[in-house]
Trainee: 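Questions regarding the structure given below will be posed in turn.
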Amino acid sequence: QVQLVESGGGLVQAGESLRLSCSASEQTFSNYRVAWFRQAPGKEREFVASLGRNGENEYYTASVRGRFTISRDNAKKTAYLQMNKLEPDDTAVYYCAVKKVPEYYSDYDVSHFGSWGQGTQVTVSS
């Protein structure tokens, strides 16, 4: 069972950038589609971005498209989320996870993912 650890969060001002990292415990990480989700206070966890095993089929939720970029380095067992032009509405705990069902299942459904990390807090001030 692959385990994931997120890092790279912090407090930034609107318009600034952050890069989040998701480090996996095992090389089997490369066998999975990976995604980032986020959860703001009082809200449900929501899909942010996802990427296929070899960097294909890159998807984003509409609110971050054009500002965020998901990537991965399987040799380093790590996925990344580059976040540019951050906005106060991006404030949340960010989680990475790997897809546990066939890839044709929706990436927007939290229940299709597992091996959740502990999350990393991103706070964007206005």
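Bear in mind the structure is a predicted one, so any value in this text is a computation, not a measurement.
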Trainee: For the backbone of V124 and the side chain of T91, can you confirm whether one donor and one acceptor N or O come within less than 3.5 Å of each other?
Mentor: yes
Trainee: Under a 3.5 Å distance rule, please check whether E6 uses its side chain to pair with a backbone N or O of Q118 as donor and acceptor.
Mentor: yes
Trainee: Apart from Y80 itself, what residues make up its hydrophobic cluster, given side-chain heavy atom links below 4.5 Å?
Mentor: none
Trainee: Could you pull out all residues at least two apart from S17 that satisfy side-chain hydrogen bond (donor to acceptor under 3.5 Å, both in side chains)?
Mentor: N84
Trainee: Quick one: which residue pairs count as a salt bridge (charged side-chain N to carboxylate O under 4.0 Å, His left out) with a foot in residues 108-120, not counting sequence neighbours?
Mentor: none
Trainee: Does atom CD (E44) have a neighbourhood of more than 12 heavy atoms from anything else shown, all under 6.0 Å?
Mentor: no
Trainee: Please report the C-alpha distance between K77 and S25 in whole Å, then the side-chain angles of each, then the deciding distance to 0.1 Å, and finally whether the side-chain hydrogen bond (donor to acceptor under 3.5 Å, both in side chains) criterion is met.
Mentor: CA-CA 7 Å; K77 300 179 291 182; S25 60; over 6 Å; no
Trainee: Under the rule for side-chain hydrogen bond (donor to acceptor under 3.5 Å, both in side chains), what residues qualify as partners of T28, not counting sequence neighbours?
Mentor: E26
Trainee: If I take atom OG from residue S23 and atom NZ from residue K76, how far apart are they, to the nearest 0.5 angstrom?
Mentor: 10.5 Å
Trainee: Should we count CD of Q3 as having more than 12 external heavy atoms under 6.0 Å?
Mentor: no
Trainee: How close do L4 and A24 get, counting heavy atoms only, and between which atoms?
Mentor: CD2-CB, 3.7 Å
Trainee: Apply the test side-chain contact (heavy atoms from CB on, under 4.5 Å) to residues R67 and M83: give CA-CA distance (whole Å), side-chain angles for both, the deciding distance (0.1 Å), then the verdict.
Mentor: CA-CA 6 Å; R67 300 188 297 121; M83 306 186 295; over 6 Å; no
Trainee: To the nearest 0.5 Å, what is the distance between CD on Q13 and OG on S126?
Mentor: 9.0 Å
Trainee: Establish whether V5 and V34 are linked, either directly or via other cluster members, by ILVMFWY side-chain heavy-atom contacts under 4.5 Å.
Mentor: no
Trainee: Looking only at heavy atoms, what is the nearest atom pair of A92 and A40, with distance?
Mentor: CB-N, 3.8 Å
Trainee: Using only atom types and a distance under 3.5 Å, with no angle test, would you say the side chain of H112 pairs donor to acceptor with the backbone of K100?
Mentor: no
Trainee: Drop me the distance from S21's OG to L81's CG, to the nearest 0.5 angstrom.
Mentor: 9.5 Å
Trainee: Please report the C-alpha distance between Y94 and Q39 in whole Å, then the side-chain angles of each, then the deciding distance to 0.1 Å, and finally whether the side-chain contact (heavy atoms from CB on, under 4.5 Å) criterion is met.
Mentor: CA-CA 7 Å; Y94 283 71; Q39 188 165 17; over 6 Å; no
Trainee: In the hydrophobic cluster built from side-chain contacts under 4.5 Å, what are the other members alongside Y108?
Mentor: F37, F47, Y59, V93, Y95, V110, F113, W116
Trainee: Going through the distances and angles, do L18 and L86 end up as a side-chain contact (heavy atoms from CB on, under 4.5 Å)?
Mentor: CA-CA 8 Å; L18 280 174; L86 282 160; 4.1 Å; yes
Trainee: Looking only at non-hydrogen atoms, find the nearest pair between C22 and W36 and report the distance.
Mentor: CB-CZ2, 3.6 Å
Trainee: side-chain hydrogen bond (donor to acceptor under 3.5 Å, both in side chains), that's the test. Do Y60 and E58 meet it? Break it down for me.
Mentor: CA-CA 7 Å; Y60 299 91; E58 191 175 343; 2.2 Å; yes
Trainee: Do L20 and V122 touch side chain to side chain, with heavy atoms closer than 4.5 Å?
Mentor: yes
Trainee: Ion pair present between K85 and E16, side-chain N to carboxylate O less than 4.0 angstrom?
Mentor: no
Trainee: How far does NZ of K99 sit from OG of S106, to the nearest 0.5 angstrom?
Mentor: 6.5 Å
Trainee: Under the rule for side-chain hydrogen bond (donor to acceptor under 3.5 Å, both in side chains), what residues qualify as partners of R19, not counting sequence neighbours?
Mentor: none
Trainee: If you measure only the distance, is there a donor-acceptor pair under 3.5 Å linking the side chains of T78 and R72?
Mentor: no
Trainee: Go through S30 and R53 one step at a time and tell me if the side-chain contact (heavy atoms from CB on, under 4.5 Å) criterion holds.
Mentor: CA-CA 6 Å; S30 64; R53 290 173 288 180; over 6 Å; no
Trainee: Is it the case that the side chain of S50 and the backbone of A35 share a donor-acceptor pair, with hydrogens and angles ignored and the cut-off at 3.5 Å?
Mentor: no
